[in-house]
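Structure, as structure tokens:
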Amino acid sequence: MGKYTAEPHYFLTNPQCHHRYYELLKEAKTWNGAGQYWLAKECERRAQCLMNGSDDGFIPVRSEQLLQKTKKLM
């Protein structure tokens with residue numbers, strides 16, 4: 001059996017991504033509170049990409065397509 005060597009997490013080597021991760025979680029809570037579940041899901045997806053250690057999930061998404069009219073947000 002090979003020895004396991006622990007590598008530092010992506011957030012430890014790149015603190016800007018750690019900060020962005022928490023910003024995305026905050027945005028997701030805000031969008032959920034406004035009834036914009038599709039935008040919240042997109043923020044959560046991007047935060048999960050950062051947690052996994054890759055920033056490949058940051059392809060541009062046209063958020064105008066995800067925005068829906070609700071009573072809370074008009």
From [X] [atom1] over to [Y] [atom2], what is the distance, rounded to the nearest 0.5 angstrom?
X	Y	atom1	atom2	answer
Thr30	Glu23	OG1	CD	11.5 Å
Cys17	Met51	SG	CE	12.0 Å
Gln36	Cys43	CD	SG	11.0 Å
Tyr10	Tyr21	OH	OH	14.0 Å
Leu50	Leu25	CG	CG	9.5 Å
Glu44	Lys29	CD	NZ	10.5 Å

Fill in: Pair Arg45 + Glu42, salt bridge at N-O below 4.0 Å
yes

Discussion item. Do the side chains of Glu27 and Arg20 get close enough for a salt bridge, i.e. N-O under 4.0 angstrom?
Written reply: yes

Discussion item. A quick test of your reading: do over 12 heavy atoms of other residues, nucleotides or ligands sit less than 6.0 Å from NE2 of His9?
Written reply: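 For His9, atom NE2 is crowded (more than 12 foreign heavy atoms under 6.0 Å).
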
Worksheet entry | Where Ala47 and Leu24 come nearest, the two heavy atoms and their spacing |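 Closest approach of Ala47 to Leu24: N-CD1, 3.7 Å.
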
